[in-house]
S.K.: 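Sharing a structure, written as structure tokens. Questions coming.
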Amino acid sequence: MDYSKMSDSELIRSYLSGNEAPLEALISKNQQRIFSYILVRIQDQDLANDIFQDTFVKVINTLKRGKYNEEGKFLQWTMRIAHNLIIDHYRREKRMPTMSPTDEFNIFDVLKDNSLNVESSLIKEQIEADLHKLIDQLPEDQKEVLKLRHFSGLSFKEISDQTGVSINTALGRMRYALINLRKLMEKNNVSLLMQ
Amino acid sequence: MGNSTTLKDELGSHTKPRRETIRFILDYSKALEVKKLKSGVELHLIKN
């Protein structure tokens, strides 16, 4: 059977019916994008291979448990798993420093540490994604004011003109949006602070 | 003629996982068996 012409969904269906060969085709088809995604963020071939391996172990576990439900979006789903594993890696690394500087020698004097920037940008990316998910749960009128104010940078006068409500109403909606956002953060146990 | 590495191979090797990484994943998939008991408990078995 020519697996190279099959879509990801077809390959997954065939794999789930007990055929192992489509998995190789699925990996072959997507490996470059997933591996590059990991390598760019990790900048270490060995670690990138480990994370790629762990990503597919999770993919296989989920598929074999019958829990996969992202039809047609295999690549995005797999990238998300890889992304979370990259974040886990940086969190672990931060908790487990392997070297302490002495008076004579500090590794950071000779090595430029890009990983902290990469970590910060990944965490920032995650925080933004979490924030957008929470904002999407707000009532439409509150969501609109909050987005116009914080993402489009409009003044309350401009929001009032654009939405056709008074400035006081726009201010009130903003106030309720922030109150509700805080409640949603507590309910979902979400922290939007970079530590 | 002996084995030669082209520039394409060289560049490609940096944007793709190693063969042994892929081999491990495929072997893991073949070995893993997930069974669900009547009680709802899920067993992950690794076959030899």
Side-chain angles (χ1 to χ4, degrees), chain A residues 3-4 8 11-68 74-75 78-79 81-82 85-86 89, chain B:
Chain A
Y3 293 115
S4 65
D8 287 350
L11 289 168
I12 290 168
R13 262 200 301 280
S14 177
Y15 173 66
L16 290 177
S17 68
N19 191 359
E20 288 289 333
L23 178 67
E24 193 167 356
L26 197 61
I27 295 172
S28 173
K29 200 174 155 192
N30 294 293
Q31 63 177 350
Q32 194 152 347
R33 287 188 67 183
I34 298 166
F35 189 73
S36 302
Y37 181 84
I38 298 168
L39 189 58
V40 163
R41 286 154 180 82
I42 292 288
Q43 293 175 20
D44 180 301
Q45 284 278 342
D46 292 334
L47 267 173
N49 272 274
D50 284 350
I51 291 178
F52 183 89
Q53 184 177 296
D54 290 348
T55 301
F56 272 91
V57 164
K58 278 183 182 279
V59 165
I60 290 163
N61 288 345
T62 307
L63 292 175
K64 290 213 172 187
R65 288 171 66 210
K67 301 281 184 190
Y68 177 72
F74 174 79
L75 181 63
T78 309
M79 297 275 248
I81 295 174
L85 288 171
I86 293 167
H89 160 73
Chain B
M1 218 161 78
N3 286 340
S4 64
T5 307
T6 65
L7 180 63
K8 194 179 167 198
D9 291 337
E10 196 62 38
L11 289 172
S13 70
H14 291 289
T15 54
K16 282 181 185 172
R18 294 182 191 124
R19 276 189 199 158
E20 60 262 33
T21 302
I22 304 289
R23 193 73 263 152
F24 175 90
I25 294 166
L26 297 175
D27 288 346
Y28 175 80
S29 172
K30 277 180 201 151
L32 179 70
E33 196 179 330
V34 177
K35 280 188 176 175
K36 198 162 188 180
L37 303 180
K38 280 181 186 171
S39 60
V41 174
E42 219 171 55
L43 290 180
H44 288 214
L45 306 167
I46 302 288
K47 295 175 284 183
N48 277 329

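Reminder, nothing fancy here: chain letters follow the sequence lines and each chain counts from 1. Values in this document were obtained by computation on a predicted structure and should not be read as measured data.
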S.K.: Can you check whether K30(B) reaches I60(A) side chain to side chain, under 4.5 Å on heavy atoms?
M.R.: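 K30(B) vs I60(A): side chains apart.
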S.K.: In terms of heavy-atom proximity below 4.5 Å to chain B, should N61(A) be classed as side chain, backbone, both, or neither?
M.R.: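 Contact with chain B is through both the backbone and side chain of N61(A).
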S.K.: What part of D54(A) gets closer than 4.5 Å to chain B, counting heavy atoms only: side chain, backbone, both or neither?
M.R.: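 No part of it gets close to chain B.
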S.K.: Can you say whether Q31(A) sits under 4.5 Å from chain B via the side chain, the backbone, both, or neither, judging by heavy atoms?
M.R.: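 Both backbone and side chain.
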S.K.: Looking only at atom types and distance, does a side-chain atom of K64(A) sit under 3.5 Å from a main-chain N or O of S29(B), one as donor and one as acceptor?
M.R.: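 Yes, K64(A) side chain to S29(B) backbone: donor-acceptor pair under 3.5 Å.
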S.K.: Rounded to the nearest 0.5 Å, what separation is found between the CZ atom of F52(A) and the NZ atom of K16(B)?
M.R.: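 Those atoms lie 11.0 Å apart.
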S.K.: Give the C-alpha distance, both sets of side-chain angles, the deciding distance and a yes or no for side chain to side chain contact (heavy atoms under 4.5 Å, CB included) between R18(B) and D46(A).
M.R.: CA-CA 9 Å; R18(B) 294 182 191 124; D46(A) 292 334; 2.6 Å; yes
S.K.: So for atom NZ, which belongs to K29(A), do other residues, nucleotides or ligands contribute more than 12 heavy atoms lying within a distance under 6.0 Å?
M.R.: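 Yes, NZ of K29(A) has more than 12 neighbouring heavy atoms, counting only those of other groups under 6.0 Å.
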S.K.: List the atom pairs, with distances to 0.1 Å, where a side-chain N or O of residues 19-26 of chain B and a protein N or O form a donor-acceptor pair under 3.5 Å, not counting sequence neighbours.
M.R.:
| from | atom 1 | to | atom 2 | distance (Å) |
| --- | --- | --- | --- | --- |
| T21(B) | OG1 | N49(A) | OD1 | 2.7 |

S.K.: Drop me the distance from T15(B)'s OG1 to Q45(A)'s CD, to the nearest 0.5 angstrom.
M.R.: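 Reported value, rounded in 0.5 Å steps: 8.5 Å.
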S.K.: Name all residues meeting the side chain to side chain donor-acceptor pair (under 3.5 Å) criterion together with S4(A); count only those two or more places apart in sequence or in a different chain, and write none if there are none.
M.R.: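 Applying side chain to side chain donor-acceptor pair (under 3.5 Å) to S4(A) gives D2(A).
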